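In what follows, a single structure is set out as structure tokens and then discussed.
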Amino acid sequence: MEKLKQRIEKDGQVLSSSVLKVNSFLNHGIDPELIDAIGQEFASAFTGQGISKVITIESGGIAPAYAAAGYLHVPMVYAKKAEPSTMSHPLSASVYSYTKQKTYSICIEEELLQKGDVVLFIDDFLANGGAFEGIQELVTKSGARLGGVGICIEKAWQDGSALVRRSGIPLCVLASIASMSRENGIVWNH
Ligand code: 5GP
């Protein structure tokens with residue numbers, strides 16, 4: 001997606017050869033027009049594939065997941081990182097966090113995912129695939145099926161890229177980074 005790549009080049013910051021900061025427009029500060037365009041891209045990639053729900057993990061994936069769900073005309077749910085006292089039947093899974101380098105639990109209210117749901121997982125980044133694995137575990141526990149993965153930014157040399165492709169689940173990546181460094185910036189895949 002050219003628009004996203006251009007914005008990353010303009011406003012993204014390569015913090016190291018493995019971490020990119022995009023918090024002025026994607027996952028902290030939000031550019032609504034860019035997010036809307038991202039939602040349209042994901043929706044056009046997954047229209048006709050029977051998606052009945054969009055899922056993400058708070059907080060970085062919420063904006064793009066919400067936009068995609070709007071264009072797909074399906075509900076969206078985000079997994080929470082702390083279990084609220086109001087949750088009656090939590091379904092949980094554990095996730096190894098790439099940025100925080102520790103394991104944490106994610107949970108959702110059981111009734112928000114149902115047997116028969118075909119679920120699209122959307123996230124801001126794909127790194128080592130911990131978030132993908134946690135969501136896959138939650139979706140499987142609920143009796144639903146993961147029917148697609150939509151990623152805004154993939155760091156293609158990290159393990160998640162091969163992990164998701166090996167799963168055979170349809171994948172849509174909007175901006176795929178081949179490599180990056182503070183000195184030379186970002187090298188894109190195609
Ligand atoms: P994974 O679970 O695939 O290892 O990592 C994906 C999650 O880690 C994303 O939800 C995102 O929040 C975070 N993440 C991974 N790589 C980066 C990065 O380079 N920059 C930022 N800002 N977040 C990242």
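Since we're looking at a predicted model, the values are computed, not measured. For ligands, and for the atoms within them, numbers begin at 1 and follow the listed sequence.
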Hey, are the side chains of Leu146 and Phe132 touching, using non-hydrogen atoms and a 4.5 Å cut-off?
yes

Counting each atom of ligand 1 from 1 as listed, which ones have a heavy atom of Asp123 under 4.0 Å away?
9 (C), 10 (O)

Heavy-atom side-chain proximity of Ser92 to Glu83 below 4.5 angstrom
no

Should Thr99 be counted as touching ligand 1, given the test is an N or O pair under 3.5 Å?
no

Enumerated ligand 1 atoms positioned under 4.0 Å from heavy atoms of Asn27:
22 (N)

Is it the case that ligand 1 has an N or O less than 3.5 angstrom from some N or O of Phe125?
no

At the 4.0 Å heavy-atom cut-off, does Lys155 count as touching ligand 1?
yes

Do Asp11 and Asp31 have side chains that get closer than 4.5 Å, going by heavy atoms?
no

Can you list the ligand 1 atoms lying under 4.0 Å from a non-hydrogen atom of Asn128?
1 (P), 3 (O), 4 (O)

Within this structure, what is the OH-CD1 distance for the pair Tyr78 and Ile106, rounded to the nearest 0.5 Å?
13.5 Å

Got an N/O contact under 3.5 Å between Val19 and ligand 1?
no

For the hydrophobic clusters of this structure (ILVMFWY residues joined by side-chain heavy atoms under 4.5 Å, transitively), does one cluster hold both Ile51 and Leu138?
no

Is Leu113 reachable from Val54 through a run of hydrophobic residues whose side-chain heavy atoms are each under 4.5 Å from the next?
no

Test item: Gln158 and Asn128 side chains (from C-beta on) under 4.5 Å apart, heavy atoms:
yes

Give yes or no for whether the N/O distance cutoff of 3.5 Å, strictly under, is met between Tyr96 and ligand 1.
no

Per-atom contacts of ligand 1 with Gly130, taking only distances under 4.0 Å to non-hydrogen atoms:
1 (P), 2 (O), 3 (O), 4 (O)

With a 4.5 Å cut-off on side-chain heavy atoms, are Glu41 and Cys172 touching?
no

Which residue and atom name correspond to the protein heavy atom nearest atom 15 (C) of ligand 1, and how close is it?
Tyr98 CD2, 3.4 Å

Which of the atoms of ligand 1 are close to Ala131, meaning less than 4.0 Å from one of its heavy atoms?
2 (O)

For ligand 1, which atoms sit closer than 4.0 Å to a heavy atom of Asp124?
9 (C), 10 (O), 11 (C), 12 (O)

Any Lys/Arg nitrogen of Lys141 or Glu137 sitting under 4.0 Å from an Asp/Glu carboxylate oxygen of the other?
yes

Test item, Gly129 contacting ligand 1 (heavy atom, 4.0 angstrom):
yes

Using a strict cut-off of 4.0 Å, indicate which atoms of ligand 1 neighbour a heavy atom of Ser18.
19 (O)

When you compare the side chain of Ile35 with that of Tyr66, does any pair of heavy atoms fall below 4.5 Å?
no

Subset of ligand 1 atoms that lie under 4.0 Å from at least one heavy atom of Leu20:
18 (C), 19 (O), 20 (N), 21 (C), 22 (N)

Kindly confirm or rule out an N or O of Ala127 lying under 3.5 angstrom from an N or O of ligand 1.
yes

